[in-house]
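Notes follow once the structure below has been shown.
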Amino acid sequence: MDAVSRRRFLKVSAATVGVAAASNPLAKLAGGAAPGPGAEAGLRTVPTFCDICFWKCGAIAYVQDGKLWKVEGNPSDPLSQGRLCPRGTGGVGAHYDTDRLKAPLIRRQRRGQDEWAQVTWDEALTYIAERMQAIKAEYGPEAMALFSHGIGGAFFKHTLKAYGSPNIAAPSFAQCRGPRDVGFHLTFGEDVGSPERTDIRHARCLVLIGSHLGENMHNTQVQEFGEAITAGASIIVVDPRHSIAAAKARHYLPIKPGTDLALLLAWMHVLVSEGLYDTDYVAQHGYGFDAFAATMATYTPEWAYIETGIEPEVIRETAREMARHRPATLVHPGRRTTWYGDDAQRSRAIALLNALLGSWGRRGGFYAPASMDVPGYPYPAYPHAARGKVDNPARKYPFATDTITTGIREATLTGQPYPVKGWITYATNLFSALPNEAETIKAIQNLDLLVVVDVVPSTMAGWADVVLPEATYLERYDDLNVELFREPFVALRQPVVPPPHDQKPNWWMARELARKLGLNAYYPWADIEEYLETRLAKAGLSFATLKQHGIIRGVKQPNYFDEGVPAQFPTPSGKIEFYSTQLQEKGFDPVPAYTRPEEPPPGYFRLLFGRSPVHSFSRTQTNPLLHEMMPDNEVWLNADVAARMGLADGAWVTLRNQDGVVSNRVRLKATQRIRPDCVYMVHGFGHTAVRLRRACGKGASDAQLVTRYVTDPLMGGTAMGLNFVAIQAEA
Ligand code: SF4
């Protein structure tokens with residue numbers, strides 16, 4: 001194992017940030033030199049929390065002589081533990097980005113032609129309100145939908161609910177963590193939450209199956225991963241690509257893509273057949289174990305070898321390794337789990353494997369989280385929507401626990417079960433998040449109104465009727481972060497510097513829009529500070545204290561069953577459901593079953609995509625600091641295959657998918673660190689929006705190549721690992 005201490009892990013981050021600071025693009029962007037270390041005069045600090053991704057790490061922002069200088073971790077914050085990830089440190093670049101949206105815009109030409117008139121806020125909001133009222137009069141309020149991402153969407157959600165629409169969705173469910181949440185919910189009666197209740201810090205054995213932690217930069221988890229490695233935890237990584245996490249592993253299993261469920265079943269076979277599972281825990285908390293165990297009997301390691309390419313002895317050895325460390329063995333549930341269409345069942349298999357190891361509710365497994373009790377603001381009740389949500393008619397996906405974005409898109413396309421005629425998108429680029437962009441474009445053409453709220457002129461903004469420029473997180477208040485975590489806390493996002501142009505915070509836009517819609521009763525507060533102060537006062541907390549420290553921590557609660565947390569499982573049986581009667585009643589497999597995935601046709605590779613530690617989705621490629629660290633992506637191809645194809649490392653290539661869609665040119669990374677049957681690229685590149693001058697045309701877009709998807713029959717998630725690409729050398 002290449003054991004790496006936490007210190008070395010963090011040095012990598014510091015070095016990359018150091019590169020950015022050394023070339024000092026901020027000096028040019030800010031119109032002067034950024035202050036150097038030790039500068040004191042005119043220095044002030046403001047605690048807040050980061051929004052470069054959704055993790056919400058506590059931060060301290062430094063302002064020198066009125067100019068934003070740098071952002072560091074807030075040592076009082078349990079999420080960041082005083083350290084930001086490279087993206088968070090580069091958050092300053094979001095403020096200084098010269099490509100930012102600067103004022104409200106109304107489209108003057110055909111949709112998608114990117115021709116705009118700059119208007120006042122009053123004109124923009126009046127235009128939106130008039131069209132929303134027209135949609136309500138003709139189609140009902142449910143014909144408006146909101147797509148939202150992150151905590152900043154809270155006030156737009158409030159306005160849409162007050163207007164009368166239940167159609168509020170986020171890609172984080174059907175395109176990301178939904179299968180995992182449903183799989184765990186069906187098994188334990190609860191999901192793993194966000195931040196996940198994973199006790200990585202105390203794990204003695206950590207299993208990552210398709211999760212490239214460290215590239216997938218969830219700050220708290222990456223820091224705890226470093227702590228676990230330093231403490232000598234055994235790491236098992238299952239991935240077709242030798243990821244950064246794989247480099248730290250005792251066991252690396254280069255699995256054939258699409259066959260993860262076969263490996264999970266074989267692992268459970270070994271634990272059951274060799275009697276290595278936690279018999280007391282299963283006897284006390286399990287339901288339907290005998291039927292489950294009988295089903296597992298056929299899934300031998302020899303059977304799984306044919307499917308996965310993993311040697312039977314490796315399967316046995318890794319299963320025994322997990323058993324040796326139980327219950328402090330954590331099989332990580334992953335985050336983006338929308339892969340092959342059997343995703344909720346695969347996630348359920350991960351939940352069941354954890355159940356066999358007795359890790360739910362145990363130290364080194366899954367802890368029981370807690371949160372502060374901070375009441376909401378006392379608003380009037382929302383109007384009752386005459387029609388239910390549009391996304392999942394007749395509960396076609398019976399186990400969906402949230403709104404399905406692609407269900408709203410489908411209703412917009414078909415008019416069934418009723419028409420959707422207006423979309424507001426907040427901080428989400430649906431062209432990057434949803435599969436099959438042709439369907440998104442067709443749906444947009446059916447709209448009477450498309451409003452895009454964003455910081456930068458994204459592809460989504462290019463299709464809007466009205467674009468509303470938002471202040472960055474360093475320039476605004478947001479709602480309180482009352483997180484479910486290891487320990488309860490409440491955190492504040494507050495303005496550090498004013499917006500540089502005519503940008504506004506989301507709460508202001510949502511409130512002014514509500515006023516123009518005649519919904520004043522839903523915004524009784526004079527300003528956001530009054531709103532925040534009222535909420536905090538109801539919890540007996542001081543707004544002044546929170547402004548000063550950025551965080552108020554609550555009393556530490558027990559985290560584990562053996563610390564007194566009651567072992568309760570809110571499933572139909574009240575136990576951990578090894579056998580699910582809920583699934584059986586709806587005609588699904590009560591115990592997960594394996595289906596062999598489709599193979600790539602000759603000459604094609606399975607397209608895999610994932611994350612970089614310096615970018616978040618498609619949101620940060622224009623950030624000058626993060627762009628400098630990683631301006632484009634590469635496509636990984638097995639070096640032997642590349643040699644056979646006559647492709648050199650660094651060659652420019654294009655990718656053509658099974659439906660004939662061709663990518664931007666992209667550099668080839670020829671490496672032994674990936675299997676020969678797949679290629680890999682970092683998500684979020686290949687922007688086509690010309691106003692993103694820094695990012696446009698750089699790298700290739702995986703999202704454009706994801707034209708094919710299947711929908712998870714349990715919960716409506718869109719599996720995107722079904723696309724194949726051929727590689728063509730650039731002429
Ligand atoms: S993980 Fe990184 S980008 Fe995300 S909130 Fe934390 S510091 Fe910011």
Side-chain angles (χ1 to χ4, degrees), residues 6 9-10 12-14 16-17 20 46-62 68 70-95 97 149-153 172 176-177 193-196 198 200-201 211-227 244-245 335-336 427-428 455-456 472-476 478-486 489 491-494 496 550-551 610-630 682-684:
R6 187 183 67 178
F9 229 95
L10 297 172
V12 173
S13 301
T16 47
V17 172
V46 183
T48 187
F49 63 87
C50 181
D51 192 39
I52 295 297
C53 85
F54 52 83
W55 202 257
K56 304 189 275 289
C57 293
I60 309 273
Y62 290 73
L68 182 62
K70 66 176 180 177
V71 192
E72 294 181 340
N74 183 347
S76 306
D77 173 57
L79 288 177
S80 74
Q81 302 175 81
R83 294 176 287 260
L84 300 184
C85 80
R87 297 171 305 179
T89 311
V92 177
H95 171 73
D97 183 357
H149 173 84
I151 196 170
S172 55
C176 189
R177 58 179 167 70
S194 174
E196 289 80 4
T198 47
I200 297 172
R201 172 180 293 162
S211 171
H212 51 314
L213 198 54
E215 291 160 274
N216 186 355
M217 183 52 75
H218 299 151
N219 188 0
T220 323
Q221 291 195 7
V222 176
Q223 291 190 42
E224 291 199 13
F225 185 31
E227 289 175 48
I244 299 288
R335 183 131 186 143
R336 191 185 73 78
T428 184
V455 172
V456 294
T472 69
Y473 73 99
L474 293 161
E475 302 152 3
R476 68 177 198 242
D478 270 331
D479 207 347
L480 299 168
N481 182 25
V482 186
E483 202 74 279
L484 259 176
F485 192 58
R486 270 180 206 288
F489 69 90
L492 178 71
R493 179 173 287 153
Q494 59 183 325
V496 178
I551 187 152
R611 300 268 183 249
S612 153
V614 296
H615 282 291
S616 297
F617 313 116
S618 64
R619 298 172 66 187
T620 54
Q621 285 77 17
T622 185
N623 176 314
L625 292 179
L626 303 182
H627 178 85
E628 186 164 305
M629 284 196 267
M630 185 177 176
V682 170
H683 172 73

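All ligand and atom numbering here is 1-based and tracks the order in the structure.
Heavy-atom proximity to K56, at under 4.0 Å, picks out these atoms of ligand 1: 5 (S). For ligand 1, the atoms lying closer than 4.0 Å to a non-hydrogen atom of M217 are 1 (S). Counting the atoms of ligand 1 from 1 in the order shown, those under 4.0 Å from a heavy atom of N219 are 1 (S), 6 (Fe).
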How far apart are the C-alpha atoms of Y473 and H95, what are their side-chain angles, what is the distance that settles it, and do they pass the ring-ring contact (aromatic ring centres under 6.0 Å, His included) test?
CA-CA 9 Å; Y473 73 99; H95 171 73; over 10 Å; no
Evaluation steps, side-chain hydrogen bond (donor to acceptor under 3.5 Å, both in side chains), between E475 and T472
CA-CA 5 Å; E475 302 152 3; T472 69; 3.1 Å; yes
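Ion pairing of K56 with D478 is absent here, as no side-chain N (NZ or NE/NH1/NH2) approaches a carboxylate O to less than 4.0 Å.
Each of C57, P47, C50 was evaluated against N74; a single residue qualifies, P47, per the side-chain contact (heavy atoms from CB on, under 4.5 Å) test.
Contact annotation: C50 places an N, O or S atom under 2.8 Å from atom 8 (Fe) of ligand 1. At a cut-off of 2.8 Å, C85 does not coordinate atom 6 (Fe) of ligand 1 through any N, O or S atom.
In terms of protein heavy atoms, atom 4 (Fe) of ligand 1 is closest to C53 SG, 2.3 Å. Looking at atom 6 (Fe) of ligand 1, its nearest protein heavy atom turns out to be C57 SG, 2.3 Å.
Distance OG1/T220 to CG/L79: 4.5 Å, rounded to 0.5 Å.
The shortest side-chain heavy-atom distance between V71 and T89 does not fall under the 4.5 Å cut-off.
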